Amino acid sequence: MPKKARDPQKNENYHLRTRLIHGSADNTKWDYDHHVVPPISSSTTYRLNSTHRGVQGFLEFGADEAGAPRHAPIYIYDRLDEPTRGMLEENLATAEGGETAVCFATGMAAISAVFGVTVKQHEEIVAHQVLYGCTYSLLTNWLPRAGITTRFVDLMNPNSLNEVLNEQTRVVYFETPINPTLQLIDIARVRRLVDQANKGRKVPIRIIVDNTFATPYCQRPLEHGADIVVHSLTKDIGGFGTDMGGAVIAPHDLHGLLMYYRKDFGGVLTSKSAWAFLVYGLPTLATRMVNQQKSAQKIAQFLDQHPLVAQVSYPGLEHYPQRELALRQMTDDRGRFAPGSVLHFTLKKEEGGNRHAEAFIDYIAEHSYTITLAVSLGHTKTLIENPYGMTHAAVPEERKLALGIEPGGIRLAVGLEDWRDLISDLDQALTHVSQLS
Ligand SMILES: *Cc1c(COP(=O)(O)O)cnc(C)c1O
(Lines give C-alpha, C1' and ligand atoms only; values in the text may rest on other atoms or scores of the structure.)
Protein backbone atom coordinates (compact mmCIF):
# COMPACT_ATOMS: atom_id res chain seq x y z
CA MET A 1 0.00 0.00 0.00
CA PRO A 2 1.25 3.51 -0.72
CA LYS A 3 2.47 5.35 2.34
CA LYS A 4 -0.43 7.80 2.42
CA ALA A 5 -3.26 5.34 1.93
CA ARG A 6 -4.80 5.64 5.36
CA ASP A 7 -8.24 4.54 6.34
CA PRO A 8 -10.51 7.43 5.22
CA GLN A 9 -12.71 6.77 8.25
CA LYS A 10 -9.75 7.47 10.52
CA ASN A 11 -9.13 10.82 8.81
CA GLU A 12 -12.16 12.05 10.72
CA ASN A 13 -10.06 11.90 13.87
CA TYR A 14 -7.84 14.65 12.53
CA HIS A 15 -8.71 18.31 13.03
CA LEU A 16 -10.41 20.21 10.21
CA ARG A 17 -7.32 22.38 9.82
CA THR A 18 -5.24 19.27 9.05
CA ARG A 19 -7.85 17.65 6.82
CA LEU A 20 -8.18 20.81 4.70
CA ILE A 21 -4.50 20.34 3.82
CA HIS A 22 -4.39 16.58 3.23
CA GLY A 23 -7.90 15.94 1.94
CA SER A 24 -8.77 12.29 1.60
CA ALA A 25 -5.23 10.96 1.30
CA ASP A 26 -6.40 7.86 -0.50
CA ASN A 27 -8.66 8.57 -3.45
CA THR A 28 -9.49 7.09 -6.79
CA LYS A 29 -9.69 10.34 -8.71
CA TRP A 30 -6.06 10.50 -9.67
CA ASP A 31 -2.95 8.46 -8.96
CA TYR A 32 -0.60 11.01 -7.47
CA ASP A 33 1.23 8.81 -5.02
CA HIS A 34 4.47 10.39 -6.14
CA HIS A 35 3.26 13.95 -6.40
CA VAL A 36 3.22 16.00 -3.23
CA VAL A 37 0.94 18.45 -5.04
CA PRO A 38 -1.58 16.99 -7.49
CA PRO A 39 -0.93 17.90 -11.12
CA ILE A 40 -3.26 20.38 -12.86
CA SER A 41 -5.31 18.24 -15.17
CA SER A 42 -6.24 19.95 -18.40
CA SER A 43 -7.98 17.73 -20.89
CA THR A 44 -11.40 18.43 -22.37
CA THR A 45 -11.83 14.86 -23.58
CA TYR A 46 -10.64 11.42 -22.47
CA ARG A 47 -9.27 8.45 -24.38
CA LEU A 48 -11.53 5.42 -24.13
CA ASN A 49 -9.81 2.13 -24.94
CA SER A 50 -13.05 0.40 -25.96
CA THR A 51 -16.61 1.26 -26.87
CA HIS A 52 -17.59 -0.80 -23.85
CA ARG A 53 -15.63 1.54 -21.59
CA GLY A 54 -17.35 4.54 -23.20
CA VAL A 55 -20.80 2.99 -22.68
CA GLN A 56 -19.88 2.13 -19.10
CA GLY A 57 -18.69 5.69 -18.48
CA PHE A 58 -22.01 7.17 -19.61
CA LEU A 59 -23.93 4.60 -17.55
CA GLU A 60 -22.00 5.43 -14.40
CA PHE A 61 -22.11 9.21 -14.85
CA GLY A 62 -23.84 10.95 -12.00
CA ALA A 63 -24.22 7.75 -9.97
CA ASP A 64 -25.09 8.39 -6.36
CA GLU A 65 -21.71 8.33 -4.69
CA ALA A 66 -22.86 5.83 -2.09
CA GLY A 67 -23.61 3.37 -4.88
CA ALA A 68 -20.70 4.53 -7.05
CA PRO A 69 -18.49 1.89 -8.63
CA ARG A 70 -15.40 0.85 -6.70
CA HIS A 71 -13.05 1.32 -9.63
CA ALA A 72 -11.53 4.66 -10.65
CA PRO A 73 -14.05 6.91 -12.43
CA ILE A 74 -14.29 6.60 -16.20
CA TYR A 75 -13.77 10.15 -17.40
CA ILE A 76 -15.37 11.08 -20.72
CA TYR A 77 -15.55 14.84 -21.16
CA ASP A 78 -14.59 17.76 -18.87
CA ARG A 79 -18.14 19.11 -18.54
CA LEU A 80 -19.30 15.74 -17.18
CA ASP A 81 -16.55 15.01 -14.67
CA GLU A 82 -12.88 15.65 -14.22
CA PRO A 83 -10.27 14.50 -11.64
CA THR A 84 -8.98 17.77 -10.13
CA ARG A 85 -12.49 19.09 -9.64
CA GLY A 86 -13.43 15.68 -8.25
CA MET A 87 -10.72 15.88 -5.60
CA LEU A 88 -11.83 19.39 -4.66
CA GLU A 89 -15.42 18.15 -4.36
CA GLU A 90 -14.39 15.36 -1.97
CA ASN A 91 -12.50 17.83 0.21
CA LEU A 92 -15.33 20.37 0.25
CA ALA A 93 -17.87 17.73 1.24
CA THR A 94 -15.56 16.67 4.07
CA ALA A 95 -15.01 20.27 5.19
CA GLU A 96 -18.76 20.87 5.54
CA GLY A 97 -19.48 17.40 6.91
CA GLY A 98 -21.73 16.70 3.91
CA GLU A 99 -22.24 13.60 1.78
CA THR A 100 -21.38 15.03 -1.62
CA ALA A 101 -20.26 18.28 -3.27
CA VAL A 102 -20.68 19.50 -6.85
CA CYS A 103 -18.69 22.53 -8.06
CA PHE A 104 -19.77 25.22 -10.49
CA ALA A 105 -18.20 28.07 -12.46
CA THR A 106 -19.28 30.71 -9.91
CA GLY A 107 -21.23 31.02 -6.70
CA MET A 108 -24.26 32.21 -8.70
CA ALA A 109 -24.04 29.14 -10.97
CA ALA A 110 -24.11 26.96 -7.82
CA ILE A 111 -27.07 28.89 -6.37
CA SER A 112 -29.01 28.70 -9.67
CA ALA A 113 -28.33 24.96 -9.78
CA VAL A 114 -29.51 24.32 -6.24
CA PHE A 115 -32.88 25.88 -7.09
CA GLY A 116 -32.86 24.08 -10.45
CA VAL A 117 -32.75 20.70 -8.75
CA THR A 118 -35.07 21.40 -5.80
CA VAL A 119 -37.89 23.58 -7.20
CA LYS A 120 -40.00 23.49 -10.35
CA GLN A 121 -42.95 25.29 -11.96
CA HIS A 122 -45.82 26.19 -9.56
CA GLU A 123 -43.62 25.50 -6.53
CA GLU A 124 -42.32 28.01 -4.02
CA ILE A 125 -39.18 29.15 -2.30
CA VAL A 126 -39.22 30.85 1.08
CA ALA A 127 -36.21 33.12 1.54
CA HIS A 128 -34.95 35.57 4.11
CA GLN A 129 -35.74 39.11 3.04
CA VAL A 130 -32.11 40.26 2.85
CA LEU A 131 -29.89 38.34 0.43
CA TYR A 132 -26.79 38.75 -1.68
CA GLY A 133 -27.87 41.15 -4.47
CA CYS A 134 -27.59 38.70 -7.37
CA THR A 135 -29.40 35.95 -5.45
CA TYR A 136 -32.22 38.42 -4.84
CA SER A 137 -32.25 39.29 -8.54
CA LEU A 138 -32.29 35.58 -9.50
CA LEU A 139 -35.31 34.99 -7.26
CA THR A 140 -37.23 38.08 -8.34
CA ASN A 141 -36.26 38.51 -12.03
CA TRP A 142 -35.49 35.06 -13.40
CA LEU A 143 -37.13 32.24 -11.46
CA PRO A 144 -40.63 33.78 -11.86
CA ARG A 145 -40.17 33.27 -15.63
CA ALA A 146 -40.02 29.54 -14.89
CA GLY A 147 -43.17 29.79 -12.75
CA ILE A 148 -41.25 29.66 -9.46
CA THR A 149 -42.35 32.11 -6.78
CA THR A 150 -40.38 33.31 -3.77
CA ARG A 151 -41.97 34.47 -0.53
CA PHE A 152 -39.65 36.72 1.44
CA VAL A 153 -39.88 36.67 5.23
CA ASP A 154 -37.88 37.88 8.19
CA LEU A 155 -36.13 34.72 9.34
CA MET A 156 -34.50 36.57 12.21
CA ASN A 157 -37.94 35.89 13.65
CA PRO A 158 -38.25 32.23 12.51
CA ASN A 159 -41.87 31.97 13.72
CA SER A 160 -42.81 34.02 10.66
CA LEU A 161 -42.18 30.78 8.72
CA ASN A 162 -45.52 29.43 9.93
CA GLU A 163 -47.31 32.13 7.95
CA VAL A 164 -45.66 31.36 4.60
CA LEU A 165 -44.95 27.63 4.42
CA ASN A 166 -47.58 25.85 2.34
CA GLU A 167 -48.09 22.78 0.14
CA GLN A 168 -46.07 24.36 -2.67
CA THR A 169 -43.03 25.24 -0.55
CA ARG A 170 -39.95 23.21 -1.47
CA VAL A 171 -37.05 25.08 0.11
CA VAL A 172 -36.19 27.62 2.79
CA TYR A 173 -33.16 29.64 1.76
CA PHE A 174 -30.96 32.08 3.69
CA GLU A 175 -27.48 33.39 4.44
CA THR A 176 -26.06 33.59 7.93
CA PRO A 177 -24.30 35.87 8.73
CA ILE A 178 -26.58 37.97 6.55
CA ASN A 179 -24.81 40.07 3.93
CA PRO A 180 -24.31 43.00 4.53
CA THR A 181 -25.83 43.51 7.98
CA LEU A 182 -23.90 40.71 9.72
CA GLN A 183 -27.01 39.61 11.61
CA LEU A 184 -27.58 35.90 12.22
CA ILE A 185 -30.37 33.41 11.55
CA ASP A 186 -30.79 30.53 13.99
CA ILE A 187 -30.38 27.43 11.81
CA ALA A 188 -31.42 24.94 14.54
CA ARG A 189 -34.58 26.93 15.22
CA VAL A 190 -35.49 27.02 11.50
CA ARG A 191 -34.86 23.23 11.48
CA ARG A 192 -37.36 22.65 14.30
CA LEU A 193 -40.05 24.69 12.55
CA VAL A 194 -39.45 23.03 9.18
CA ASP A 195 -39.57 19.59 10.86
CA GLN A 196 -43.01 20.42 12.21
CA ALA A 197 -44.17 21.59 8.79
CA ASN A 198 -42.72 18.44 7.18
CA LYS A 199 -44.92 16.11 9.25
CA GLY A 200 -47.15 14.22 6.87
CA ARG A 201 -45.78 15.93 3.74
CA LYS A 202 -44.99 13.86 0.66
CA VAL A 203 -42.12 16.12 -0.40
CA PRO A 204 -40.19 17.45 2.59
CA ILE A 205 -39.09 21.09 2.60
CA ARG A 206 -35.30 21.44 2.49
CA ILE A 207 -33.21 24.07 4.25
CA ILE A 208 -30.45 25.65 2.15
CA VAL A 209 -27.81 27.90 3.71
CA ASP A 210 -25.34 30.12 1.85
CA ASN A 211 -22.25 29.69 4.05
CA THR A 212 -19.95 31.96 2.02
CA PHE A 213 -19.39 34.55 4.76
CA ALA A 214 -18.53 32.14 7.56
CA THR A 215 -16.75 29.37 5.58
CA PRO A 216 -16.70 25.82 7.02
CA TYR A 217 -13.91 26.94 9.30
CA CYS A 218 -16.27 29.22 11.27
CA GLN A 219 -19.62 27.45 10.83
CA ARG A 220 -20.91 24.15 9.47
CA PRO A 221 -24.65 24.62 8.84
CA LEU A 222 -25.31 20.89 8.30
CA GLU A 223 -24.36 20.28 11.96
CA HIS A 224 -27.17 22.67 12.97
CA GLY A 225 -29.81 21.07 10.77
CA ALA A 226 -29.44 22.55 7.26
CA ASP A 227 -29.92 20.05 4.41
CA ILE A 228 -27.80 21.77 1.78
CA VAL A 229 -24.96 24.31 1.85
CA VAL A 230 -23.96 26.59 -1.02
CA HIS A 231 -20.74 28.55 -1.39
CA SER A 232 -19.12 31.15 -3.51
CA LEU A 233 -15.61 29.69 -3.69
CA THR A 234 -14.56 33.08 -5.08
CA LYS A 235 -14.39 34.48 -1.55
CA ASP A 236 -12.66 33.04 1.52
CA ILE A 237 -12.37 29.47 0.28
CA GLY A 238 -10.40 30.70 -2.75
CA GLY A 239 -8.74 33.21 -0.48
CA PHE A 240 -6.41 34.91 -2.93
CA GLY A 241 -8.87 36.62 -5.26
CA THR A 242 -7.62 34.86 -8.39
CA ASP A 243 -10.42 32.45 -9.33
CA MET A 244 -14.20 32.27 -9.41
CA GLY A 245 -16.15 29.20 -8.36
CA GLY A 246 -19.16 27.87 -6.50
CA ALA A 247 -20.20 24.69 -4.74
CA VAL A 248 -23.30 22.86 -3.56
CA ILE A 249 -22.82 20.43 -0.65
CA ALA A 250 -25.81 18.12 -0.56
CA PRO A 251 -27.12 14.69 0.46
CA HIS A 252 -26.42 11.71 -1.85
CA ASP A 253 -29.92 11.80 -3.34
CA LEU A 254 -29.20 15.13 -5.05
CA HIS A 255 -25.76 14.22 -6.39
CA GLY A 256 -26.90 12.79 -9.72
CA LEU A 257 -29.40 15.60 -10.34
CA LEU A 258 -26.75 18.24 -9.66
CA MET A 259 -24.28 16.51 -12.01
CA TYR A 260 -26.94 16.26 -14.77
CA TYR A 261 -28.00 19.86 -14.22
CA ARG A 262 -24.38 21.02 -14.47
CA LYS A 263 -23.81 18.89 -17.58
CA ASP A 264 -26.80 20.43 -19.37
CA PHE A 265 -26.70 24.04 -18.15
CA GLY A 266 -22.94 23.95 -18.51
CA GLY A 267 -21.76 26.14 -15.64
CA VAL A 268 -18.90 23.83 -14.77
CA LEU A 269 -15.86 24.83 -12.69
CA THR A 270 -12.69 24.74 -14.81
CA SER A 271 -9.98 22.31 -13.73
CA LYS A 272 -7.47 25.16 -13.44
CA SER A 273 -9.62 27.03 -10.96
CA ALA A 274 -10.43 23.78 -9.13
CA TRP A 275 -6.68 23.20 -8.79
CA ALA A 276 -6.16 26.65 -7.26
CA PHE A 277 -8.93 26.03 -4.69
CA LEU A 278 -7.56 22.56 -3.96
CA VAL A 279 -3.90 23.50 -3.68
CA TYR A 280 -3.93 27.10 -2.39
CA GLY A 281 -7.43 27.81 -1.07
CA LEU A 282 -8.55 24.98 1.19
CA PRO A 283 -5.13 24.16 2.68
CA THR A 284 -4.66 27.76 3.86
CA LEU A 285 -8.28 28.41 4.86
CA ALA A 286 -7.88 27.74 8.58
CA THR A 287 -4.70 29.79 8.90
CA ARG A 288 -6.21 32.70 6.97
CA MET A 289 -9.47 32.66 8.92
CA VAL A 290 -7.66 32.60 12.27
CA ASN A 291 -5.62 35.64 11.31
CA GLN A 292 -8.40 37.58 9.59
CA GLN A 293 -10.71 36.92 12.51
CA LYS A 294 -8.18 38.16 15.02
CA SER A 295 -7.78 41.39 13.04
CA ALA A 296 -11.55 41.76 12.57
CA GLN A 297 -12.03 41.53 16.33
CA LYS A 298 -9.40 44.22 17.01
CA ILE A 299 -10.86 46.48 14.32
CA ALA A 300 -14.44 46.00 15.55
CA GLN A 301 -13.36 46.96 19.06
CA PHE A 302 -11.48 49.99 17.76
CA LEU A 303 -14.44 51.21 15.69
CA ASP A 304 -16.86 50.45 18.52
CA GLN A 305 -15.20 52.95 20.86
CA HIS A 306 -14.54 55.63 18.20
CA PRO A 307 -16.64 58.80 18.75
CA LEU A 308 -17.51 59.16 15.05
CA VAL A 309 -18.82 55.58 14.67
CA ALA A 310 -22.55 55.15 15.24
CA GLN A 311 -22.86 51.37 15.17
CA VAL A 312 -20.65 48.33 14.52
CA SER A 313 -22.09 44.94 13.61
CA TYR A 314 -19.65 42.08 14.22
CA PRO A 315 -20.64 38.79 15.87
CA GLY A 316 -17.42 38.86 17.92
CA LEU A 317 -18.38 41.97 19.88
CA GLU A 318 -19.49 41.31 23.45
CA HIS A 319 -22.61 43.48 23.14
CA TYR A 320 -23.56 41.99 19.74
CA PRO A 321 -27.38 41.68 20.00
CA GLN A 322 -27.42 37.96 19.07
CA ARG A 323 -24.45 37.06 21.22
CA GLU A 324 -25.89 33.79 22.56
CA LEU A 325 -26.72 32.56 19.04
CA ALA A 326 -23.33 33.67 17.71
CA LEU A 327 -21.51 31.67 20.41
CA ARG A 328 -23.63 28.58 19.71
CA GLN A 329 -23.61 28.66 15.91
CA MET A 330 -20.29 30.17 14.84
CA THR A 331 -17.56 27.84 16.04
CA ASP A 332 -14.57 26.08 14.56
CA ASP A 333 -14.48 22.28 14.55
CA ARG A 334 -13.02 22.28 18.07
CA GLY A 335 -15.94 24.31 19.35
CA ARG A 336 -14.05 27.57 19.75
CA PHE A 337 -15.96 30.77 18.94
CA ALA A 338 -15.28 31.81 15.31
CA PRO A 339 -17.10 35.05 14.42
CA GLY A 340 -15.58 35.45 10.93
CA SER A 341 -13.76 38.19 9.10
CA VAL A 342 -16.42 40.62 7.81
CA LEU A 343 -17.84 43.58 9.71
CA HIS A 344 -20.32 46.33 8.99
CA PHE A 345 -20.50 49.81 10.49
CA THR A 346 -22.13 53.20 10.13
CA LEU A 347 -20.90 56.70 10.94
CA LYS A 348 -22.69 59.31 13.03
CA LYS A 349 -24.61 62.29 11.66
CA GLU A 350 -25.53 60.68 8.33
CA GLU A 351 -29.14 61.88 8.66
CA GLY A 352 -30.39 59.15 6.36
CA GLY A 353 -27.80 59.85 3.67
CA ASN A 354 -24.29 58.62 3.05
CA ARG A 355 -22.27 61.84 2.93
CA HIS A 356 -19.80 60.79 5.62
CA ALA A 357 -19.56 57.19 4.48
CA GLU A 358 -18.76 58.34 0.96
CA ALA A 359 -16.15 60.80 2.17
CA PHE A 360 -14.68 58.09 4.40
CA ILE A 361 -14.52 55.45 1.69
CA ASP A 362 -13.20 57.91 -0.89
CA TYR A 363 -10.48 59.05 1.49
CA ILE A 364 -9.49 55.39 1.94
CA ALA A 365 -9.61 54.77 -1.81
CA GLU A 366 -7.23 57.65 -2.37
CA HIS A 367 -4.92 57.54 0.64
CA SER A 368 -4.95 54.12 2.28
CA TYR A 369 -2.05 51.75 1.63
CA THR A 370 -3.73 48.76 3.30
CA ILE A 371 -7.45 49.05 2.43
CA THR A 372 -8.80 48.79 -1.12
CA LEU A 373 -12.17 50.03 -2.35
CA ALA A 374 -13.52 46.93 -4.08
CA VAL A 375 -16.45 44.53 -3.84
CA SER A 376 -15.87 40.88 -2.85
CA LEU A 377 -14.38 39.57 0.38
CA GLY A 378 -12.12 36.84 1.68
CA HIS A 379 -9.02 38.18 0.00
CA THR A 380 -5.44 38.55 1.24
CA LYS A 381 -6.09 42.31 0.90
CA THR A 382 -8.62 44.13 3.08
CA LEU A 383 -11.56 45.37 1.00
CA ILE A 384 -14.07 48.11 1.76
CA GLU A 385 -17.36 48.96 0.05
CA ASN A 386 -20.77 50.59 0.40
CA PRO A 387 -23.35 47.74 0.09
CA TYR A 388 -26.31 50.11 -0.45
CA GLY A 389 -24.94 51.52 -3.69
CA MET A 390 -22.69 48.66 -4.78
CA THR A 391 -23.24 44.96 -3.92
CA HIS A 392 -26.92 45.47 -3.11
CA ALA A 393 -27.70 47.79 -6.03
CA ALA A 394 -30.12 45.16 -7.42
CA VAL A 395 -32.41 45.50 -4.40
CA PRO A 396 -35.05 48.26 -4.92
CA GLU A 397 -34.47 51.41 -2.88
CA GLU A 398 -37.66 51.26 -0.76
CA ARG A 399 -36.91 47.64 0.06
CA LYS A 400 -33.35 48.39 1.12
CA LEU A 401 -34.53 51.12 3.47
CA ALA A 402 -37.28 48.92 4.90
CA LEU A 403 -34.79 46.11 5.49
CA GLY A 404 -32.21 48.20 7.29
CA ILE A 405 -29.65 48.31 4.47
CA GLU A 406 -28.59 51.87 5.20
CA PRO A 407 -27.25 54.27 2.56
CA GLY A 408 -24.34 55.04 4.92
CA GLY A 409 -23.42 51.41 5.67
CA ILE A 410 -19.78 50.41 5.25
CA ARG A 411 -18.68 46.81 4.84
CA LEU A 412 -15.12 45.88 5.70
CA ALA A 413 -13.80 42.45 4.64
CA VAL A 414 -10.61 41.98 6.60
CA GLY A 415 -7.53 40.55 4.88
CA LEU A 416 -4.16 39.38 6.10
CA GLU A 417 -2.36 42.66 6.79
CA ASP A 418 -1.08 43.52 10.28
CA TRP A 419 -4.16 44.73 12.20
CA ARG A 420 -2.25 47.71 13.59
CA ASP A 421 -1.74 49.05 10.06
CA LEU A 422 -5.40 48.55 9.22
CA ILE A 423 -6.50 50.40 12.35
CA SER A 424 -4.06 53.20 11.64
CA ASP A 425 -5.44 53.69 8.11
CA LEU A 426 -9.04 53.59 9.39
CA ASP A 427 -8.14 56.06 12.12
CA GLN A 428 -6.69 58.52 9.59
CA ALA A 429 -9.82 58.34 7.44
CA LEU A 430 -12.03 58.88 10.50
CA THR A 431 -9.97 61.92 11.47
CA HIS A 432 -10.43 63.26 7.95
CA VAL A 433 -14.22 62.83 8.14
CA SER A 434 -14.46 64.36 11.62
CA GLN A 435 -12.85 67.52 10.21
CA LEU A 436 -15.59 67.91 7.59
CA SER A 437 -18.31 70.35 8.54
C1 LIG B 1 -20.15 36.53 -3.78
C2 LIG B 1 -21.31 35.88 -3.17
C3 LIG B 1 -22.16 35.08 -3.95
C4 LIG B 1 -21.98 34.89 -5.45
O5 LIG B 1 -20.75 34.27 -5.76
P6 LIG B 1 -19.99 34.49 -7.15
O7 LIG B 1 -18.83 33.56 -7.04
O8 LIG B 1 -19.58 35.93 -7.23
O9 LIG B 1 -20.94 34.12 -8.24
C10 LIG B 1 -23.23 34.48 -3.33
N11 LIG B 1 -23.47 34.64 -2.01
C12 LIG B 1 -22.68 35.41 -1.23
C13 LIG B 1 -23.00 35.55 0.22
C14 LIG B 1 -21.58 36.06 -1.79
O15 LIG B 1 -20.81 36.83 -1.02
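For ligands, and for the atoms within them, numbers begin at 1 and follow the listed sequence. In this text, all values refer to a predicted model and were calculated from it rather than measured experimentally.
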Query raised in the report: Among protein heavy atoms, which lies nearest atom 4 (C) of ligand 1, and at what distance?
Result: Tyr132 CE2, 3.4 Å
Query raised in the report: Between Ser232 and ligand 1, is there a nitrogen or oxygen pair with a distance under 3.5 Å?
Result: yes
Query raised in the report: Out of Trp142, Tyr173, Phe265, Tyr261, which one pairs with Phe115 under the ring-ring contact (aromatic ring centres under 6.0 Å, His included) rule?
Result: Tyr173
Report summary line: Among non-hydrogen protein atoms, atom 7 (O) of ligand 1 lies closest to Thr234 OG1, 2.6 Å
**Report entry** Reference residue Leu184; test side chain to side chain contact (heavy atoms under 4.5 Å, CB included); the match among Glu175, Gln322, Met156
**Finding:** Gln322
Query raised in the report: Looking only at N/O atoms, are Thr135 and ligand 1 under 3.5 Å apart anywhere?
Result: no
Query raised in the report: So, Thr169 versus Asn166: side-chain donor-acceptor pair below 3.5 Å or not?
Result: yes
Report task. Answer with yes or no after comparing the ring centroid distance for Phe61 and Tyr260 against a 6.0 Å cut-off, counting only values under it. Result -> yes
Query raised in the report: Taking the six-membered ring for Trp, are Phe360 and His356 ring centroids under 6.0 Å apart?
Result: no
**Report entry** Ile111, portion touching ligand 1 at heavy-atom distance under 4.0 Å
**Finding:** side chain
**Report entry** Identity and separation of the nearest protein heavy atom to atom 1 (C) of ligand 1
**Finding:** Lys235 NZ, 1.4 Å
Query raised in the report: With a cut-off of 4.0 Å, which atoms of ligand 1 are near a heavy atom of Met244?
Result: 7 (O), 8 (O)
Requested in this report: Heavy-atom contacts with Gly245 under 4.0 Å: which atoms of ligand 1 show up? List them by number with element.
Outcome: 7 (O)
Query raised in the report: Got an N/O contact under 3.5 Å between Asp210 and ligand 1?
Result: yes
Query raised in the report: Any donor and acceptor pair, going by atom type alone, linking the side chain of Arg288 with main-chain N or O of Gly281 inside 3.5 Å?
Result: yes
**Report entry** Parallel, tilted or perpendicular: ring planes of Tyr132 versus His392, cut at 30 and 60 degrees
**Finding:** perpendicular
Query raised in the report: Can Leu131 be said to touch ligand 1, with heavy atoms closer than 4.0 Å?
Result: no
Query raised in the report: Which atoms from ligand 1 have a heavy atom of Phe213 less than 4.0 Å away?
Result: 15 (O)
Query raised in the report: To the nearest 0.1 Å, how far is atom 9 (O) of ligand 1 from its closest protein heavy atom, and which atom is that?
Result: Met108 N, 2.9 Å
Query raised in the report: Mind checking whether Phe240 and Tyr280 have parallel, tilted or perpendicular rings, split at 30° and 60°?
Result: perpendicular
